Structure formats: structure tokens, C-alpha cells
Amino acid sequence: MLGPLDDIVVLDLSRALAGPHAAQMLGDLGARVIKVEHPDGGDESRGWGPPFVGPDHDISTYFLAANRNKQSIAIDLKSAEGKALIERLVRQSDVLIENFRTGVLDRLGFSVERLHELNPRLVILSITGFGHDGPEGGRPGYDQIAQGEAGLMSLTGPSPDEPYRVGASISDLLAGIHGAYGVASALYERERTGNGRVVRTSLLAAVTGVHSYHGTAWTVGGTVPRAGGNHHASIAPYGAFHCADGMLQIAAANDGQWKKVATLLDIDPGQPRYATNRQRFAHRDELIADMEKALAAHDRAFWLAELGAAGVPAGAIRSIDEVYTWEQTRSQGLVVQVDHPVLGSIELPGPPLRFDGLDEAEHTAPPALGQDGDAVLAWLEERER
């Protein structure tokens, strides 16, 4: 692949989702990503499902989501032969990604100090559940646990009494995204200093890092945000509304947009309780009721056309299949086609970045366990020569 990182080698020791997602992002940017898996079963996400696909129904679609553009080599990190091979790979790599529990890599003989003895230019990305230090730094962490501990579930759901997890594994995915941009920054710094460094993030940090206005509501405003269903915590009208045949979303983020919505719905936009966002929010339940009374006169398609013509941000609530068959999604490169050795030609969710002046990259399918062992060893021997 061609891309901004096409001269970078990433040694991916991670598994499950956060680390593999970070490595996949770097692979999307052109890096060579060598995924190290245990010979006995490999990455545990290979066993996560349903759904499973393939002739024997043994290929996890979960694994397919986070491992495109990688090579797989099977190595037992506890064996002498495996440790020796990892040392060779470290010497030839630019980035190492790991998401072991704190201290595990040290016990395997690959402390930060040892890794930088082998390769002073190595950038190390370490992703943990709750941080590498602190009173609870050693805790294991999975996505839903982190969503709860980092406050996200308290903001999600129909009411404060019913906290919900976000449907996607957002803690893992955000940690991967933060980790990837941390790696890119460290690689840029290395161009000046000649030395690599450790980049650390966690599921806790990833979620806390996107609290945004919910965080300042408490740290500055002294208010504890709570779940409010499908309506915004600070802006009205901004949320999901019922119409004649279902639901649509309307986001009027300023008074000008509100006036357009009100005009379409035959509501007086200047009445005291609705004149400003502060007043609209204070009377939000009444506002929603008035809007839904008017919206009930027509179906979703009618209102989306009217709102679009008026320049008001609005949209449908699509199911996943509708998203991937939507022409706008496909036009943005968000669906990519790859050739899988067992499944044949399949479509995968595509990378979220596009670079002006670069042709659309050809992506490779997530690998079978250990399928690239010989190719990686041949590449390694060539590099060492």
C-alpha cells in the first residue's frame, strides 16, 4: 500500500480490539503491520461471535473488523525461540503496539528499557484498561467495564435510572484512535531527536478524554450530567422526534435554524418560552410536544425533504445495513473490497481518512493465523542483510 507511513514497520503484539484497531489505522496509512499471535488459537477475537462465516462457520466477523492490512505470524512469546525472533523483529521495526496488563511484557523479558536497548528509535504504544500506574493501574479492563467506570453509561440511556452502554465498543475504539495519533506524533518527534518514546493511553483515558462539555458541566459548572435519552444535554431542539411513520432527527443549533424549524411547523419562534436556546431548553418537554404534534401530520420523507430545503440539519435513523448500502457512505471510501483466502471477495468497513493526491489504496484481507510466517521471515532476513 502507498500512504504517508509506507516506510514504517509496526510490530503488533496486541489482541482483542483497542490495540488491533490502532495497528489497523496505521496499516491504512501504508505501514507494514506484522501481527504476532500465539500459535494456539491466536488473537482471542478470532473466537468472538456470532456471527461466524465461512464454509466451516469458524471465521469471526469481529476479527475481520480490526485486522485488515496486516500480516500474521505465529510466535510463542514464552519460548526461547519466540523471544529470539521477537528481538530480531524489534530491531527492524519502527513501532511496537501492546495491550497486555501492566507488568506482563516486563515478565516476558521485554521491558521498555530492554526494547530501547534493542532499538533506541522504537516508538512503543502501550494501551491498558485504567492506566499503567496509579492506585488501580493494574486492573484488567474491557470495553463495557470502562464505559461504566468512566461515566459514559451514566450519560447514555432514556433516563438517569437506566444507564445504557454505547452500542459500539467505543472505549476500545477511542483508545485505538488516540493511540494511533500518539504514535504518529512520536514518529514525527523522532525525526528531530532520533529517539523513540513510549506512548501510553487507556480505555479510561479514551472515554474521559471525550467527555467534552459533560466534563466541564461538572468541573466548572458544578452540575452532574445525567442521561437524557435522545435529546441534547444543552441545546433545544436537538434530538429525535416522532412523525407520522416513525422517527427523524432535527438539530437546530442556533436561533436562525430554530426559526426555520418553527416556520415549517407553524410554531411562533419568538414566544417568550421559545425565543432563545436557554428558554427553549427550560421548556424542552413542552417544545418536544408541540413539535411532535405538528410532525405527526406527515411522514419522515416529507419532513426530511422540507427540512433539507430549508437548510436545517436533519436526518434519518438508519440501520447498519442501510448505512452500508447508502450511496453517500460508499462514495466516501467507507466500504472497501478485499480478497479473503477463504471467503473470496468480501466488503469491509473502510478507513475514515482520505488524502488528497493519493490514489485509493488496495487493502488486504485480515489474515489467517500464521499465514504470513514464511513471508515475514524472508522479509526479516532481507532487512538484516
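Given the structure is predicted, the values throughout are model-derived calculations rather than measurements. Just so it is clear, the values below take in all heavy atoms, side chains as well, and ignore hydrogens, waters and symmetry mates.
The backbone N or O of Q257 lies less than 3.5 Å from a partner atom in the side chain of N254, making a donor-acceptor pair. In terms of modelled atom types and a separation under 3.5 Å, the side chain of N119 and the main chain of S93 share a donor-acceptor contact. For the pair E98 (side chain) and V104 (backbone), a donor-acceptor distance under 3.5 Å is absent. With Q147 contributing its side chain and V166 its backbone, the two residues share a donor-acceptor pair below 3.5 Å. In this structure, K83 contributes its side chain and L108 its backbone to a donor-acceptor pair below 3.5 Å. Listed for the N69 side chain is no donor-acceptor partner under 3.5 Å among the backbone atoms of H363. Formation of a donor-acceptor pair under 3.5 Å by the S60 side chain with backbone atoms of S45 is found in this model. S202 places a side-chain N or O within 3.5 Å of a backbone atom of A205 that can act as its donor or acceptor partner. No donor-acceptor pair under 3.5 Å is formed between the side chain of W303 and the backbone N or O of L248. Here the side chain of E292 pairs a donor or acceptor atom with the backbone of H242 at under 3.5 angstrom.
Two residues are said to be in side-chain contact when any heavy atoms from C-beta on lie closer than 4.5 Å; Y181 and M25 fail this criterion. A 4.5 Å side-chain heavy-atom check between N277 and W258 finds every atom pair outside the cut-off. By the 4.5 Å heavy-atom criterion applied to side chains, I97 and V10 are counted as neighbours. Counting heavy atoms from C-beta on, the side chains of V123 and L96 never come closer than 4.5 Å. L155 has its side chain out of reach of R226: every pair of non-hydrogen atoms, C-beta onward, lies at least 4.5 Å apart. By the 4.5 Å heavy-atom criterion applied to side chains, I127 and T201 are counted as neighbours. Two residues are said to be in side-chain contact when any heavy atoms from C-beta on lie closer than 4.5 Å; V112 and H116 meet this criterion. Put simply, the side chain of I288 reaches to within 4.5 Å of the side chain of R284, judged on heavy atoms.
Taking both residues in full, the closest heavy atoms of V336 and P349 are given as CG2-O, 4.2 Å, listed atom of the first, atom of the second, then distance. In terms of heavy atoms, A375 sits closest to Q71 at CB-NE2, 4.2 Å. Counting all heavy atoms, side chain and backbone alike, G270 lies closest to A275 at O-CB, 3.9 Å. Nearest heavy atom pair, residue G137 against residue T102, reads O-OG1, 3.3 Å. Across all non-hydrogen atoms, the minimal contact from Q92 to R383 is O-NH2, 2.7 Å. When all heavy atoms of A180 and L26 are compared, the pair lying nearest together is O-CD2, 4.1 Å.
Between R280 and D255, at least one side-chain N (NZ, or NE/NH1/NH2) sits under 4.0 Å from a carboxylate O, which counts as a salt bridge. No salt bridge links E37 with R15; every basic N to acidic carboxylate O contact stays at or beyond 4.0 Å. In summary, E327 and R330 do not engage in a salt bridge, as defined by a charged side-chain N under 4.0 Å from a carboxylate O. Under a 4.0 Å N-O distance rule, the pair K70/D12 qualifies as a salt bridge. In summary, E384 and R91 do not engage in a salt bridge, as defined by a charged side-chain N under 4.0 Å from a carboxylate O. Under 4.0 Å is where a charged nitrogen must lie from a carboxylate oxygen, and between D106 and R114 no such pair does.
At most 12 heavy atoms of other shown residues, nucleotides or ligands fall within 6.0 angstrom of atom CG in D40. Enclosure of atom CG in D321 by more than 12 non-hydrogen atoms of other residues, nucleotides or ligands within 6.0 angstrom is indicated. More than 12 heavy atoms of other shown residues, nucleotides or ligands fall within 6.0 angstrom of atom CZ in F355. In this structure, Y238 places its OH atom where only 12 or fewer heavy-atom neighbours from other residues, nucleotides or ligands lie under 6.0 Å away.
When hydrophobic clusters are built by joining Ile, Leu, Val, Met, Phe, Trp and Tyr residues whose side-chain heavy atoms come closer than 4.5 Å, directly or via intermediates, Y164 is not grouped with L203. Hydrophobic cluster membership is shared by V9 and L118, with clusters built from Ile, Leu, Val, Met, Phe, Trp and Tyr side chains linked at under 4.5 angstrom. The hydrophobic clustering, which links ILVMFWY residues whose side-chain heavy atoms are closer than 4.5 Å, places L125 and V198 apart. In the hydrophobic clustering of ILVMFWY residues, with side-chain heavy atoms under 4.5 Å counting as a link, F281 and L287 come out apart. Placement of L122 and V376 within a single hydrophobic cluster is found when ILVMFWY residues are connected by side-chain heavy-atom separations under 4.5 Å, directly or transitively.
Between the OG1 atom of T128 and the CG atom of L204 there is a distance of 8.5 Å, given to the nearest 0.5 Å. L380 CG to R88 CZ: the interatomic distance, rounded to the nearest 0.5 Å, is 4.5 Å. A distance of 11.0 Å separates NZ in K259 from CG in D268, rounded to the nearest 0.5 Å. The distance from atom NE2 of H340 to atom CD of E347, rounded to the nearest 0.5 Å, is 15.0 Å. To the nearest 0.5 angstrom, D43 atom CG is 9.0 Å from S72 atom OG.
Remark: the S14 side chain and the N99 side chain contain no N/O donor-acceptor pair separated by less than 3.5 Å. Between the side chains of Q144 and R165, a donor-acceptor pair is found at a separation under 3.5 Å. Counting only N and O atoms by type, the side chains of Y142 and D172 include no donor and acceptor under 3.5 Å apart.
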Checklist entry - Run the side chain to side chain contact (heavy atoms under 4.5 Å, CB included) check on D76 and H38 step by step: do they pass? => result CA-CA 5 Å; D76 182 357; H38 194 280; 3.8 Å; yes

Next on the checklist: With side chain to side chain contact (heavy atoms under 4.5 Å, CB included) as the criterion, how do I317 and N230 come out once you've worked through the C-alpha distance, each side chain's angles and the decisive distance to 0.1 Å?
Outcome noted: CA-CA 11 Å; I317 301 174; N230 288 321; over 6 Å; no

Next on the checklist: Run the side chain to side chain contact (heavy atoms under 4.5 Å, CB included) test on I86 and I75 for me, step by step, so that the C-alpha distance in whole Å, both residues' side-chain angles and the decisive distance to 0.1 Å come before the verdict.
Outcome noted: CA-CA 8 Å; I86 291 294; I75 301 176; 4.0 Å; yes

Item to check | Intermediate values then yes/no, side chain to side chain contact (heavy atoms under 4.5 Å, CB included), R197 and E189 | outcome: CA-CA 9 Å; R197 71 160 63 243; E189 179 192 48; 2.6 Å; yes

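Relative ring orientation between H232 and Y213 is described as parallel, the plane-to-plane angle staying below 30° on a 0-90° scale split at 30° and 60°.
The one candidate from D28, V338, V33 that meets the side-chain contact (heavy atoms from CB on, under 4.5 Å) condition with R68 is D28. Screening R32, R190, R121 for a salt bridge (Lys or Arg N to Asp or Glu O under 4.0 Å) involving D94 leaves a single residue, R190.
Geometric assessment of R46 against the ring of F63 yields a positive cation-pi assignment under the 6.0 Å and 45° thresholds.
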